[in-house]
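Throughout, residue positions are numbered sequentially from 1 according to the sequence presented. Quantities reported herein were computed from a predicted structural model and do not represent experimental measurements.
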Amino acid sequence: MKYMLIGMVLISFSNHGVQTPDERSLSTALTAAAAMVNKSAPQMLDEETRLDSAATFRNFIIYNNTMVNYSAEQLDITLFDPLIQESVIAPLCSNEKLSGFIELGVVMVYRYLGKNGAFITELSKDMATCNEAK
């Protein structure tokens, strides 16, 4: 029974670990982008927002940010989310530096924590949808 369970786990991992050449290329590109961010992190983006790190998963790149002057409890999400949507998410499609992310269908995730480390919100943009708007 023990060996059967180990075999099932190994088979499960081997099926999920197989990447197509395109997926492997995307993983390489996203890993390089995250490494570049992490090399200069933490970095103040403005007087309120610090970019702490970036991470990747499949076709996602996740930017971890901290609102340095506010705890999660001090921010009203119904006001904060539209502000992030307008100032961070909405301009992504028109950013020429991100054309490769559009072509590759990268999902850009922006996660925000308060100065106390508590989760505030997370917003994302599937860059593949930029082509639909044209």
Side-chain angles (χ1 to χ4, degrees):
M1 181 70 172
K2 178 176 158 183
Y3 294 110
M4 186 170 81
L5 182 59
I6 291 171
M8 287 177 17
V9 169
L10 291 175
I11 290 170
S12 166
F13 283 131
S14 68
N15 287 339
H16 292 293
V18 177
Q19 288 184 321
T20 67
D22 287 344
E23 290 169 335
R24 197 170 14 265
S25 177
L26 177 58
S27 291
T28 301
L30 290 178
T31 299
M36 202 163 47
V37 168
N38 291 332
K39 188 175 181 179
S40 63
Q43 177 182 355
M44 292 300 295
L45 302 177
D46 57 39
E47 66 243 9
E48 306 291 344
T49 315
R50 181 183 67 222
L51 173 59
D52 295 317
S53 65
T56 66
F57 175 74
R58 293 189 184 164
N59 66 322
F60 291 76
I61 187 160
I62 304 154
Y63 297 100
N64 297 300
N65 300 284
T66 298
M67 301 306 296
V68 297
N69 296 314
Y70 299 96
S71 65
E73 299 76 26
Q74 292 175 302
L75 291 171
D76 181 349
I77 298 303
T78 61
L79 300 173
F80 186 74
D81 277 359
L83 178 66
I84 298 302
Q85 181 66 39
E86 180 183 332
S87 62
V88 177
I89 305 296
L92 291 174
C93 290
S94 60
N95 186 335
E96 291 179 11
K97 294 179 183 176
L98 298 176
S99 62
F101 281 8
I102 294 169
E103 292 169 20
L104 296 170
V106 172
V107 177
M108 299 183 72
V109 179
Y110 292 84
R111 184 175 294 151
Y112 292 87
L113 305 177
K115 66 180 181 180
N116 57 352
F119 178 80
I120 297 172
T121 193
E122 181 177 286
L123 296 169
S124 63
K125 174 67 178 172
D126 181 346
M127 297 300 283
T129 64
C130 293
N131 290 328
E132 295 170 7
K134 293 179 180 179

Item to check | Residues Ile102, Asn131; criterion side-chain contact (heavy atoms from CB on, under 4.5 Å); working and verdict | outcome: CA-CA 7 Å; Ile102 294 169; Asn131 290 328; 3.5 Å; yes
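- Taking both residues in full, the closest heavy atoms of Ala34 and Ile61 are given as N-CD1, 4.1 Å, listed atom of the first, atom of the second, then distance.
- By the rule that hydrophobic residues join a cluster once side-chain heavy atoms approach within less than 4.5 Å of another member, Leu113 and Ile62 end up as members of separate clusters.
- In this structure, the side chains of Met67 and Thr49 come closer than 4.5 Å at one or more pairs of heavy atoms.
- Asp126 places no side-chain N or O within 3.5 Å of a backbone atom of Val107 that could act as its donor or acceptor partner.
- Using cut-offs of 30° and 60° on the angle between ring planes, the pair Tyr110 and Tyr63 is parallel.
- Closest of all the heavy-atom pairs between Val68 and Met44 is CG2-CE, 3.8 Å.
- Of all non-hydrogen atoms in Pro91 and Ser87, the two that sit nearest each other are CG-O, 3.5 Å.
- At distances below 3.5 Å, not a single donor-acceptor pair connects side-chain atoms of Asp81 with backbone N or O atoms of Leu123.
- Residues Val37 and Val109 do not share a hydrophobic cluster, defined by chaining ILVMFWY side chains whose heavy atoms lie under 4.5 Å apart.
- Looking only at atom types and distance, the side chain of Gln74 has no donor-acceptor partner in the side chain of Asn69 under 3.5 Å away.
- Other residues, nucleotides and ligands contribute at most 12 non-hydrogen atoms within 6.0 Å of the CE atom of Met36.
- Hydrophobic clustering (ILVMFWY, side-chain heavy atoms < 4.5 Å, transitive): Leu45 and Phe80 are in one cluster.
- Linking Ile, Leu, Val, Met, Phe, Trp and Tyr residues whenever their side-chain heavy atoms come within less than 4.5 Å leaves Leu26 and Phe60 in two separate clusters.
- Of all non-hydrogen atoms in Asn116 and Ser71, the two that sit nearest each other are ND2-CB, 3.6 Å.
- When every heavy atom of Thr66 is checked against every heavy atom of Gly114, the shortest pair comes out as CG2-O, 3.6 Å.
- For the atom pair Lys125 NZ and Leu98 CG, the distance stands at 11.5 Å (nearest 0.5 Å).
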